[in-house]
*Asks:* 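Here you go, one structure.
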Amino acid sequence: PTHRQMHKMAACDAAALLGVLLVAVMVGTIAAAPTKTKHVIFFLIDDLGFSDPSYKTSMYNASLKAAIPTPTIDKLALDGVRLESYYVNQLCSPTRTSLLSGRYAYSLGSNGEVITDGNPDVLPLDVKLVADYLKQGGWATSAYGKWDAGMTVWGATPTCRGFDHFSGFYNAFNDYFSHRVGTALDLRNDTQPDFANRNETGFYMTELITTRVQSWITRTHTQTPERPTFAYVAHEAVHGPNQVPQRFIDGPCAHNIPADFPTRMILCGMLRAVDESVKNITNTYRELGILDDTLIIFSTDNGGQTLTGGSNWPLRGIKATTFEGGVRGLGFVSGAGIAASAAGKVYDGMVHVSDWLPTIVEGVAGLELDKPKVPFDGVNNWEAVSTGAPSARTEILLNLIPDTPGHPGQYALRVGNWKLLVGRTAVYGAGSSGKAGSRCVTRSGVAEKNTFPLKVPANLSTPWCPVGWTPPPESGLLPEYPPDVGCTSLPCNYPNASYLTGGTFLYNVVSDPFERHNVAEQHPDVVKQLFARLAEINATNIPQTRGGKDPRSDPSQFGFVWTPWRGNPDPKNCSTDMSEPGSTLRSSYVLHLTPPSVSGWLWDPSEPKGGFDPMTVKIYVDGTIIATQVANITRPKLPSTGAPNAEHGFAVDLPAAVQHGQHRVDIRAVYPNNVLVEIQHSPSCINNGKIDPCSPPADNPTQLV
């Protein structure tokens with residue numbers, strides 16, 4: 001639909017909403033015969049703006065000239081079914097966990113969080129993913145590019161979660177050329193570090209992933225031509241850092257984008273590289289004679305980020321907001337299985353990213369789903385998206401981050417034509433320099449780092465208006481601030497606006513898709529009904545994990561390669577042991593002063609061979625190591641401990657000086673990768689011949705490396 005047509009759509013009134021709410025939240029799967037589709041390619045494009053591909057410009061911004069030519073993406077979209085009421089999460093990790101699992105990110109405890117380098121959170125390990133089901137059904141499966149669903153243990157990584165092959169990286173983003181996060185490599189071919197493609201000036205990530213997909217499908221189809229395949233192609237582009245080879249900027253990008261907006265110009269090149277990737281991959285399927293049997297699913301992971309050149313115009317908001325510009329995603333299906341009556345048309349029924357697992361597994365592959373302990377939030381929407389039938393869902397939970405003391409939460413729900421936002425509408429706080437959600441300015445003032453091939457100083461930064469409307473820079477239009485913040489011109493600052501401190505917003509997103517009219521006061525009954533539904537979901541009290549960086553993840557311990565750091569270190573083991581080292585350690589010791597010495601034993605049943613082999617201990621006095629010893633002294637059997645009758649004892653002489661003055665003695669067990677864990681009741685403190693527990697407690701032993 002065009003901008004004008006969307007405004008002509010009929011509004012849903014409160015009575016109609018009541019009818020919707022009386023229907024079951026998830027009306028179940030719509031029966032549809034499985035298609036003859038033999039292959040599926042799922043393209044997930046990072047931070048792709050709602051209106052960045054050129055076909056979107058013609059749909060919503062017909063008065064503007066399309067700045068970024070995407071001929072391959074355009075043809076697939078226009079020949080297929082364009083999903084114009086398709087929703088994703090506001091951030092990348094929640095969308096990926098939802099897509100792969102068929103659940104809302106809230107149901108997984110991962111709402112509102114990005115799993116960055118060293119964060120110990122993972123997509124729950126007891127949840128079967130889309131690749132698990134397909135592999136179980138005989139499909140060959142592969143994943144590429146950005147994983148971003150956790151890497152604490154090997155069991156959280158792609159090749160342990162149903163994918164036969166993986167080529168990409170585990171973290172949220174990395175350098176497109178060196179493939180480093182910080183100083184360490186994050187690039188894998190299956191489970192092995194891909195040192196061969198680490199280079200400062202070549203092997204651009206988008207192109208590298210493309211060749212890997214081409215090689216895999218050629219090899220797999222040649223070896224097993226009758227086997228169906230699933231390729232999950234999760235490009236890092238167009239997420240920052242803004243980097244692309246010069247050849248993708250030359251021509252249309254350099255011509256269409258003003259030179260004083262280099263960020264947008266680089267993003268244009270990055271999206272052109274993605275378009276070329278889609279062309280090259282689909283050409284390979286065509287050359288193999290299987291493209292006509294291939295379904296292509298194309299999706300963004302969240303709204304575009306204007307700081308890195310993305311555009312969601314004319315939608316309101318950007319990535320990390322719950323306005324449509326943050327959560328209404330660009331998406332389409334094209335190719336095998338699409339009914340002729342639906343091809344080339346727009347589908348306005350509601351679809352959520354969590355629907356893809358049941359849609360692909362049940363609707364496309366014709367396989368059965370389990371009845372898991374954690375029910376699916378996604379529904380089988382295959383008949384809807386492939387034929388234009390009514391959607392199998394009537395509501396979508398867009399976000400749910402509970403309140404915390406002094407910090408309002410983020411709640412967003414769509415039911416029928418209505419959308420309710422409660423609390424904050426963005427993750428951007430008022431105090432973050434240059435990125436405050438409380439500003440609307442023509443230039444963000446943020447100098448983007450590590451860009452290539454163009455530099456982006458602060459004076460050439462992009463517009464910034466996260467809870468308003470931000471036209472693309474090439475349009476010549478200025479960003480628009482919200483009408484209720486008291487501004488009369490740019491720059492506009494509104495530090496106490498309810499967008500940050502917590503408010504209530506109700507929109508009819510069918511008649512008002514650009515969210516310009518908050519009608520909460522006019523429809524208190526609708527607000528009450530939707531808020532009650534949010535409260536019902538919130539009452540499930542699912543903790544939303546936000547773990548800090550685990551110091552044990554430090555890649556310097558793994559040869560400066562980002563590597564799973566807990567559980568069994570063998571990738572083939574697919575360890576799911578998320579426990580921290582030392583959590584099952586059993587130990588005891590005695591400190592003597594005449595003569596000065598310490599002796600004891602330690603045993604950890606979670607260590608290899610059931611902990612039967614002796615461990616190593618390090619003894620410290622006043623922070624200085626005085627001994628490292630293998631605890632292999634035979635000790636008497638102690639049945640009450642449950643420990644095996646093995647050699648686990650240690651005995652170390654201490655300096656005579658500890659008999660006088662004040663001293664501290666630490667005993668630490670040594671775990672793999674030189675992680676040190678304080679044994680039980682350690683440390684001990686000596687005060688002029690008297691031994692007592694130390695106060696305050698010892699520093700975090702995980703930092704003692």
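Residues take their numbers from the sequence shown, with the count starting at 1.
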*Asks:* Strictly by disulfide bond (SG atoms under 2.5 Å apart), give each pair with a member in residues 234-341 just once, sequence neighbours left out.
*Replies:* Cys253-Cys268
*Asks:* Could you tell me whether Arg393 and Asp355 have a side-chain N and a carboxylate O separated by less than 4.0 Å?
*Replies:* yes
*Asks:* Can we call the ring centroids of Phe203 and Tyr176 under 6.0 Å apart?
*Replies:* no
*Asks:* Compare all side-chain heavy atoms of Leu357 with those of Leu99 and state whether any distance is below 4.5 angstrom.
*Replies:* no
*Asks:* Would Val327 and Asn399 count as a side chain to side chain contact (heavy atoms under 4.5 Å, CB included) if you check the C-alpha gap in whole Å, the side-chain angles of each, and the deciding distance to 0.1 Å?
*Replies:* CA-CA 9 Å; Val327 295; Asn399 203 26; over 6 Å; no
*Asks:* Using every non-hydrogen atom in the two residues, find where Asp52 and Gly310 come nearest and quote the distance to one decimal.
*Replies:* OD2-CA, 3.7 Å
*Asks:* Out of the candidates Arg316, Arg516, Arg414, Lys419, only one should pair with Glu324 under the salt bridge (Lys or Arg N to Asp or Glu O under 4.0 Å) rule; please name it.
*Replies:* Lys419
*Asks:* Can you check whether Phe50's main-chain N or O pairs, donor with acceptor, with Asn312's side chain at less than 3.5 Å?
*Replies:* yes
*Asks:* Quick one: closest heavy-atom pair of Gly145 and Ile209, and the distance?
*Replies:* N-CD1, 3.7 Å
*Asks:* Decide yes or no on side chain to side chain contact (heavy atoms under 4.5 Å, CB included) for Asp79 and Ile338, but give the supporting numbers first.
*Replies:* CA-CA 10 Å; Asp79 288 349; Ile338 304 300; over 6 Å; no
*Asks:* Indicate yes or no for a side-chain donor-acceptor contact from Asn508 to the backbone of Ser511 under 3.5 Å, with no hydrogens or angles considered.
*Replies:* yes
*Asks:* Can you confirm whether Asp292 is buried at CG, in the sense that more than 12 heavy atoms of other residues, nucleotides or ligands lie under 6.0 Å from that atom?
*Replies:* no
*Asks:* What do you reckon, Cys492 and Cys465 SGs under 2.5 Å?
*Replies:* no
*Asks:* So does Pro53 get a backbone contact from the side chain of Thr70, meaning a donor-acceptor N/O pair under 3.5 Å?
*Replies:* no
*Asks:* Which pair of non-hydrogen atoms, one from Pro463 and one from Pro479, has the smallest distance, and what is that distance?
*Replies:* CB-CG, 4.2 Å
*Asks:* Counting N and O atoms only, with roles assigned by atom type, does the side chain of Ser51 sit under 3.5 Å from a partner on the main chain of Lys56, one being a donor and the other an acceptor?
*Replies:* no
*Asks:* Which pair of heavy atoms, one from Gly344 and one from Arg82, lies closest together, and at what distance?
*Replies:* O-NH2, 3.1 Å
*Asks:* Any donor-acceptor pair under 3.5 Å linking the side chain of Thr37 with the backbone of His39?
*Replies:* no
*Asks:* Donor-acceptor check, side chain of Asn381 to backbone of Val351, threshold 3.5 angstrom: yes or no?
*Replies:* no
*Asks:* Please list all pairs passing the ring-ring contact (aromatic ring centres under 6.0 Å, His included) test where one or both residues lie in residues 438-457, with sequence neighbours left out.
*Replies:* Phe177-Phe452
*Asks:* Short question: side chain of Ser444, backbone of Ser461 - any donor-acceptor pair under 3.5 Å?
*Replies:* no
*Asks:* I'd like to know if the side chain of Thr306 and the backbone of Gly309 have a donor-acceptor N/O pair within less than 3.5 Å.
*Replies:* no
*Asks:* Please step through side chain to side chain contact (heavy atoms under 4.5 Å, CB included) for the pair Thr141 and Phe166, ending with a clear verdict.
*Replies:* CA-CA 9 Å; Thr141 57; Phe166 173 68; over 6 Å; no
*Asks:* Measure the shortest side-chain to side-chain distance between Phe298 and Ile41 over non-hydrogen atoms and say whether it is less than 4.5 angstrom.
*Replies:* no
*Asks:* State, to 0.1 Å, how close Arg328 and Val509 come at their nearest heavy-atom pair, and which atoms those are.
*Replies:* NH2-O, 3.6 Å
*Asks:* Please report the C-alpha distance between Thr263 and Leu454 in whole Å, then the side-chain angles of each, then the deciding distance to 0.1 Å, and finally whether the side chain to side chain contact (heavy atoms under 4.5 Å, CB included) criterion is met.
*Replies:* CA-CA 8 Å; Thr263 307; Leu454 307 174; over 6 Å; no
*Asks:* Between His239 and Phe173, does the ring centre distance come in under 6.0 Å?
*Replies:* yes
*Asks:* Could you tell me whether Tyr86 and His352 have their ring centroids closer than 6.0 angstrom?
*Replies:* no
*Asks:* Show your working on side-chain hydrogen bond (donor to acceptor under 3.5 Å, both in side chains) between Thr95 and Asn302 and close with a plain yes or no.
*Replies:* CA-CA 7 Å; Thr95 286; Asn302 45 244; 5.5 Å; no
*Asks:* Which word best sums up how the rings of Phe230 and Phe163 line up, parallel for under 30°, tilted for 30 to 60°, or perpendicular for over 60°?
*Replies:* parallel
*Asks:* Is there a donor-acceptor pair closer than 3.5 Å between any side-chain N or O of Asp47 and the backbone N or O of Gln305?
*Replies:* no
*Asks:* Measure the acute angle between the ring planes of Phe43 and His235, then classify it against the limits of 30° and 60° as parallel, tilted or perpendicular.
*Replies:* parallel
*Asks:* Taking all heavy atoms of Pro513 and all of Leu315, pick out the closest pair and write down the distance.
*Replies:* O-CD2, 3.8 Å
*Asks:* Would the distance check show the side chain of Asp186 and the main-chain N or O of Tyr170 forming a donor-acceptor pair, the cut-off being under 3.5 Å?
*Replies:* yes
*Asks:* Verify whether the ring centers belonging to Trp469 and Phe514 lie closer than 6.0 Å.
*Replies:* no
*Asks:* Using the ring of Phe261 (Phe, Tyr or Trp, six-membered ring only), decide whether Arg443 places NZ or CZ under 6.0 Å from its centre and within 45 degrees of its axis.
*Replies:* yes
